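Notes to accompany the following structure.
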Amino acid sequence: MMASDDLDEPYAQYSEQFEPRAPKRKAPRSHKRTPPRAEAVSELAETSGMEAGFVTTYVPARYEEIWLRDSLRPFYDEHLIVDVLSQVKGGKEASVYCCTADPSTGTARLAAKVYRPRMFRNLRNDAVYREGRAILTAEGRAAKKTDHRLMRAVGKKTAFGAQVSHTSWVMHEYTTMERLYAAGAAVPKPYAAAENGILMEYIGDEQRAAPALNEISLPRRVAYPLFQEILRTIELLLQHALAHGDLSAYNILFWEGRAVLIDFPQVVALSANRQAKAILQRDITRVCEYFARQGVRANASTITNDMWARYGAAIDDDLAALFEPPAQIE
Ligand SMILES: Nc1ncnc2c1ncn2[C@@H]1O[C@H](COP(=O)(O)OP(=O)(O)O)[C@@H](O)[C@H]1O
Ligand SMILES: [Mg+2]
C-alpha cells in the first residue's frame with residue numbers, strides 16, 4: 001500500500017460509497033477481528049449525531065458524515081457555526097455546505113468548503129501551480145526551505161508530506177481570499193481555515209445559493225458591465241502578483257447583479273511561475289468564451305497581452321531560472 005493511503009484510512013469505506021468514481025480499494029489485510037456489519041453500524045451511531053455534538057439539519061450520506069464531522073469540528077469548537085443546513089454542491093475537489101452561523105459572527109449563514117480526502121491526488125497537473133509557491137503551514141506562514149525534514153517528506157510524498165501539501169493547498173486558498181478581500185475584491189469574506197476546509201461568507205439567501213455563471217444566461221445590458229467588472233478583478237489579482245489559475249464561468253458566482261470569484265487553491269504566483277502568462281491567458285480565454293455566448297465580443301489574446309504588459313513585467317528571469325522545467329499545461 002502506498003504510504004499516502006494511510007491518510008484516507010478513516011474514510012476508506014466511505015470513499016467507495018460517497019465517491020463512486022474513486023478506484024476500488026482492497027481492504028487492508030489485518031489480523032484484527034472485523035466486526036460484523038450490524039455491530040460496525042451501531043459503533044458508528046454511538047459516536048455520531050447529537051452525541052458527538054453535531055446536530056445537523058442536513059442528513060449526510062453514511063460515510064460522508066464521518067468526514068464532515070472531522071472536517072467541520074474546528075468550526076463548531078470555535079463557535080463559528082451551529083448547524084449544517086444543506087450541501088450546496090459536491091464539486092470535483094471539494095463539497096460546499098450551507099451552515100447556520102453562530103450569532104457571534106454577526107451573519108446568518110456561512111459556507112463551509114470541505115476538501116475531499118483524496119483531492120490532492122486527483123488534481124490535474126498540480127506541479128504547474130506549485131511552481132514558485134511556498135509551502136504554507138496551518139498558520140498560513142511559509143515553511144522554511146531549510147526545514148529539510150519537511151521538504152524531503154513533501155518531495156517523497158510520504159503520508160506526512162502529503163498532509164503538509166494538503167494543508168499548504170488549503171492555506172493558499174484561504175490566505176489568497178484574505179488578501180483579496182482586504183484589497184476590496186469581489187470574493188467571499190473568509191472567516192476561518194482548518195486542516196481540511198475553509199469557512200467563508202455564504203453567497204445566496206435562505207432559498208438558494210448563488211448560481212455560477214455557467215448555470216445562467218445574462219441579459220445583454222447586464223453582460224457587458226459584468227464582464228468589465230470581472231476583468232477589473234483579474235487586474236486586482238495581478239496587482240497582487242497573482243493569477244487565479246482555474247477561472248471560468250464555473251468559478252464565478254452571480255448574486256444581486258454582481259460577480260463573485262471563488263475557488264482559489266491553485267492560485268499562481270506571478271513572479272515565480274514561468275507558466276504564469278499561459279495560465280492567465282487560459283483564465284481570460286475561458287471568461288471570454290462564456291461572455292461570447294452572452295453576446296459580448298472580446299479578444300482574449302489582446303486583453304491578456306495588454307494586462308501582461310502592465311503587470312507581467314514583474315517576472316524576474318533570474319529567479320525563474322532557478323526552477324525545474326514546469327510540467328505542461330493540459
Ligand atoms: N461562498 C459560497 N457561497 C455559495 N456557494 C458557494 C460558495 N463557495 C462555493 N460555492 C458553490 O460550491 C461549488 C464548489 O465550490 P468551489 O470552490 O468551486 O470548489 P471545487 O473545487 O469543488 O470546484 C461552487 O461551484 C459554488 O456553486
Ligand atoms: Mg470550482
Side-chain angles (χ1 to χ4, degrees), residues 18-22 58 60 64 67-68 71-72 75 80-81 83-101 105 107-126 128-129 165-166 168-178 180-181 185-194 196-216 230 233 237 242-268 279 282-283 286-287 290 330:
F18 181 57
E19 203 179 1
R21 279 169 305 161
Y58 170 69
E64 179 192 9
W67 170 63
L68 200 59
S71 304
L72 297 186
F75 304 142
L80 292 165
I81 57 172
D83 191 8
V84 182
L85 295 174
S86 59
Q87 187 188 66
V88 178
K89 212 159 280 180
K92 51 189 194 315
E93 314 290 5
S95 292
V96 173
Y97 298 87
C98 174
C99 304
T100 308
T105 60
T107 187
R109 280 167 290 274
L110 286 168
K113 177 172 179 178
V114 181
Y115 291 86
R116 286 182 176 275
R118 294 162 181 272
M119 66 81 69
F120 45 100
R121 273 189 278 150
N122 289 342
L123 269 183
R124 285 186 305 138
N125 259 325
D126 77 327
V128 172
Y129 302 106
S165 304
H166 180 69
S168 175
W169 192 256
V170 175
M171 290 313 295
H172 270 290
E173 170 148 48
Y174 187 71
T175 54
T176 299
M177 289 178 75
E178 279 187 322
L180 293 176
Y181 186 78
V187 301
K189 178 182 178 183
Y191 277 77
N196 199 40
I198 61 173
L199 196 64
M200 62 183 139
E201 177 184 350
Y202 174 75
I203 312 296
D205 60 22
E206 65 270 23
Q207 257 99 50
R208 64 190 294 229
L213 284 183
N214 70 294
E215 297 169 56
I216 55 172
I230 292 166
T233 305
L237 263 84
L242 299 171
H244 185 287
D246 189 23
L247 198 59
S248 73
Y250 290 85
N251 285 330
I252 302 173
L253 303 181
F254 183 66
W255 192 246
E256 292 174 341
R258 299 200 57 208
V260 180
L261 269 58
I262 57 164
D263 205 0
F264 290 93
Q266 68 295 308
V267 67
V268 166
I279 291 169
R282 188 182 56 188
D283 280 357
R286 286 194 189 147
V287 171
Y290 171 78
E330 274 170 25

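A quick note: this is a predicted structure, and the numbers were derived from the prediction, not measured. Counting starts at 1 for both ligands and their atoms, following the listed order.
With ligand atoms numbered from 1 in the order given, ligand 1 contributes 1 (N), 2 (C) to contacts under 4.0 Å with heavy atoms of E201. Near Y250, with a cut-off below 4.0 Å to any heavy atom, the atoms of ligand 1 are 25 (O).
The shortest distance between side-chain heavy atoms of S95 and R116 falls below 4.5 Å. Using a 4.5 Å heavy-atom cutoff, the side chains of L85 and Y58 are not in contact. Residues T107 and Y191 form a side-chain contact, since some pair of their non-hydrogen atoms from C-beta on lies under 4.5 Å apart. M200 places a side-chain heavy atom less than 4.5 Å from the side chain of M177. Side chains of H172 and P265 form no contact here, defined as non-hydrogen atoms less than 4.5 Å apart.
To the nearest 0.5 Å, atom CG of residue L80 and atom CG of residue L72 are 11.0 Å apart.
Checking only distances, K89 does come within under 3.5 Å of ligand 1, N or O to N or O. Considering both main-chain and side-chain atoms, E215 never comes within under 3.5 Å of ligand 1 through any nitrogen or oxygen pair. The N/O atoms of I203, backbone and side chain alike, include one that comes under 3.5 Å of an N/O atom in ligand 1.
Counting only protein atoms, the N, O or S atoms lying less than 2.8 Å from the Mg ion (ligand 2) are N251 OD1, D263 OD2, ordered by chain and residue number.
Of the options L247, L237, L242, a side-chain contact (heavy atoms from CB on, under 4.5 Å) to F264 is made by L237 and by none of the others. Considering L253, N251, I252 as possible partners of D263, the one that fulfils the side-chain contact (heavy atoms from CB on, under 4.5 Å) test is N251.
In this comparison of N214, D246, I252, L253, the heavy atom closest to atom 7 (C) of ligand 1 sits on L253. Nearest-heavy-atom check against atom 8 (N) of ligand 1 across M200, Q87, K113 picks out M200. When the heavy-atom distances from atom 20 (P) of ligand 1 to V88, V187, D263 are ranked, the shortest goes to D263.
Residue N251 touches ligand 1 through its side chain alone, judged by heavy-atom distances below 4.0 Å. Counting heavy atoms closer than 4.0 Å to ligand 1, residue A212 contributes nothing at all.
In the model, H166 has a side-chain atom that pairs as donor or acceptor with a side-chain atom of N196 under 3.5 Å.
Taking 4.0 Å as the cut-off between side-chain N and carboxylate O, R286 and D246 count as a salt-bridged pair. A salt bridge links K113 to E173: at least one charged side-chain nitrogen sits closer than 4.0 Å to a carboxylate oxygen.
At a 4.0 Å cut-off, at least one heavy atom of A94 sits close enough to ligand 1 to count as contact.
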